[in-house]
There are 2 protein chains.
Amino acid sequence: MGKNLRLKAARAAKDMSQKDLADAVGVTRQTINAIENGDYNPTINLCISICKVLGKTLNDLFWEDDQSGE
Amino acid sequence: MGKNLRLKAARAAKDMSQKDLADAVGVTRQTINAIENGDYNPTINLCISICKVLGKTLNDLFWEDDQSGE
DNA sequence: ATAAAATGTTAGATATAATTGACATATTAT
DNA sequence: ATAATATGTCAATTATATCTAACATTTTAT
């Protein structure tokens, strides 16, 4: 699995560290790190929580053929 | 958690049974049934597989405040 | 009416998401 | 230089997604 650079960018745009995001959604820093690095397959509820904190949708951060230049 | 009626409707629109969809994405019928009934929290990769089979996006089937008239 | 297919649900097992804790490296300060 | 913060990663544990297998109910046929 590849890295999730859209997630990394959305987090950077909010000036949050991995730990900040982890605390905001109620998981550990290692979990956020693993998701950004594509090391595993989070649950949809966690994805939804992350999206809400970062002001994005599922398609923005986790859908693939989404090359729309907004 | 509430039922996922959008998933149920999208599956019906393809005239697929729960077992048909389960076979198409490589899980069991019970897993599809549990997702439709809101009994748990699937992984994002499974959600993406389901969306692809049904010709929908993550926002279509799993995002919440999605009242956009496309 | 009955047979077949689809769905709902449950118990027990397995795979893996997520945790805790630790350590290393990199970055950004002072 | 060093102190602090952020990130990468790994081993061991816990929580839970998913499986297997079974049985009941509902729906759609014959």
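Letters A, B, ... mirror the listed sequences (proteins, then strands); counts begin at 1. Worth saying up front: this structure is predicted, and the values here are computed from it rather than measured.
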- Message: Whether the side chain of A/Ser49 engages the backbone of A/Asn45 through a donor-acceptor N/O pair (distance < 3.5 Å, no angle test) should be reported.
- Response: yes

- Roughly how many Å is it from CG in A/Asn37 to C1' in C/dA18, rounded to a whole number? 16 Å

- Note on the structure: CD1 (B/Ile32) and NZ (B/Lys19) are apart, to the nearest 0.5 Å, by 11.5 Å

- Query: Roughly, in whole Å, what's the span from NZ in A/Lys8 to C1' in D/dT7?
  - Reply: 8 Å

- Sub-3.5 Å donor-acceptor pair from the side chain of B/Asn4 to the main-chain atoms of B/Leu61, do we have one? yes

- Polar side-chain contact A/Gln30-C/dG21 base: donor and acceptor under 3.5 Å: yes

- Task: Take atom NZ of A/Lys19 and atom P of C/dT20, then tell me their distance rounded to the nearest Å.
- Result: 11 Å

- Take the protein atom CG of B/Asp23 and the nucleotide atom P of D/dT20, then report the distance between them rounded to whole Å. 11 Å

- Take the protein atom CD of A/Gln18 and the nucleotide atom C1' of C/dT19, then report the distance between them rounded to whole Å. 16 Å

- Message: In whole Å, I'd like the distance from the CD1 atom of A/Ile32 to the P atom of D/dT5.
- Response: 20 Å

- A/Leu21 has an atom CG; how far is it from atom P of D/dA6, in whole Å? 13 Å

- Message: Mind checking if B/Asp39 touches a base, just sugar-phosphate, or nothing, with heavy atoms under 4.0 Å?
- Response: nothing

- Query: Is a donor on one side and an acceptor on the other found under 3.5 Å between the side chain of B/Arg29 and the backbone of B/Ala22?
  - Reply: no

- Query: Which of these nucleotides, D/dT7, C/dA18, C/dA17, is closest to any side-chain atom of A/Asn33?
  - Reply: D/dT7

- When the distance from CZ of B/Arg29 to C1' of D/dT20 is rounded to whole Å, what number comes out? 12 Å

- Note on the structure: Sorted by position of nearest nucleotide on DNA chain C, 5' first, the leading residue of B/Thr43 and B/Glu36 is B/Glu36

- Which nucleotide in the set D/dA17, D/dT18, C/dT19 lies at the smallest distance from any side-chain heavy atom of B/Pro42? D/dT18

- Query: Any donor and acceptor pair, going by atom type alone, linking the side chain of A/Arg11 with main-chain N or O of A/Met16 inside 3.5 Å?
  - Reply: yes

- Query: If you look at every strand shown and take non-hydrogen atoms under 4.0 Å, does A/Thr31 touch a base, only sugar-phosphate, or nothing?
  - Reply: base

